[in-house]
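Data first, discussion second: the structure below is written as C-alpha cells.
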Amino acid sequence: MHIRPIRTDEDHETALREIEALWGAEDGTEAGDRLDVLTTLAETYERRRWPIEPLDPVRAIEAAMEMNGYTRAELAALIGPSRATQILARHRALTLPTIRKIAEAWHVPERVLVQDYALVKVQAE
C-alpha cells in the first residue's frame, strides 16, 4: 500500500476521490485499511489548511438561533428584552444566571458561553 502525505490542495482532491472510490470497504481488508489511512490524512490536512475558530459566546448564541430557528423575540422572552439586545450588540457581558438560562433552554454548552469576549463600548452623546 503506497500512500504519501497530503501537502497541497491537489493532493487533497486526489485523496478525496480515492476515499470516495473506497467508501464502504470492509474493515480489515487492504481497501479498508487504505480508506482508514487516507481519511486520517485528509482530516489532518483539512484541520491544518482550514482551521475552525471556536465561537465566542455571542456568536454561539447567534449560531443556536440560526440552526434552531430561534428569533430575537424568543431570546428576549428567555432573558429579557433589554438584556438580549445589549448582549447581541456586545454592549453587555453574559452573567452566570443568563448563561445557565440559555444553556438549559437552548442546549448551548455552558463552556462556550463562559468564555471571555470583547465588548463594544457605547459612546456617550
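These numbers come from a predicted model, not from an experiment.
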Tell me, do [X] and [Y] make a side-chain contact under 4.5 Å, heavy atoms counted?
X     : Y     : result
Leu88 : Arg72 : yes
Ile3  : Leu41 : yes
Asp11 : Tyr45 : no
Arg47 : Glu43 : yes
Leu35 : Trp23 : yes
Leu55 : Ile61 : no

Using a 3.5 Å distance criterion without hydrogens, assess whether the side chain of [X] forms a donor-acceptor pair with backbone atoms of [Y].
X      : Y      : result
Gln115 : Val112 : yes
Thr85  : Pro81  : yes
Arg34  : His2   : yes
Glu104 : Lys101 : no
Asn68  : Tyr70  : no

Can you check side chain to side chain contact (heavy atoms under 4.5 Å, CB included) on Ile102 and Glu110, steps first, answer last? CA-CA 8 Å; Ile102 295 170; Glu110 290 177 352; over 6 Å; no

Nearest 0.5 Å please: distance from the [atom1] atom of [X] over to the [atom2] atom of [Y].
X     : Y     : atom1 : atom2 : result
Leu38 : Arg17 : CG    : CZ    : 12.5 Å
His12 : Trp50 : NE2   : CH2   : 4.5 Å
Leu94 : Ile87 : CG    : CD1   : 4.5 Å
Glu62 : Leu75 : CD    : CG    : 10.0 Å
Ile19 : Leu22 : CD1   : CG    : 8.0 Å
Arg48 : Ile6  : CZ    : CD1   : 9.5 Å

Which heavy-atom pair separates Ala25 from Gly32 by the least distance, and what is that distance?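 Looking at all heavy atoms of both residues, the closest pair is CB-N, 3.6 Å.
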
What's the shortest heavy-atom distance between Val108 and Ala64, and which atoms?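 Shortest heavy-atom contact: CG2-CB, 3.6 Å.
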
For Leu119, enumerate each residue passing the side-chain contact (heavy atoms from CB on, under 4.5 Å) test, keeping only those at least two apart in sequence or located in another chain.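 By the side-chain contact (heavy atoms from CB on, under 4.5 Å) rule, Leu119 matches Ala93, Tyr117.
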
Count the heavy atoms belonging to other residues, nucleotides or ligands that lie under 6.0 Å from CG of Asp9, then report whether that count exceeds 12.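 More than 12 heavy atoms, drawn from other residues, nucleotides or ligands, come within 6.0 Å of this atom.
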
Could you tell me whether Leu96 atom CG has more than 12 heavy atoms of other residues or ligands within 6.0 Å of it?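 Yes, the 6.0 Å shell around CG holds more than 12 heavy atoms from other groups.
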
Do Glu66 and Arg59 meet the salt-bridge criterion of a basic N to acidic O distance under 4.0 Å?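 Looking at Glu66 together with Arg59, the answer is yes, because their closest N to O distance falls below 4.0 Å.
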
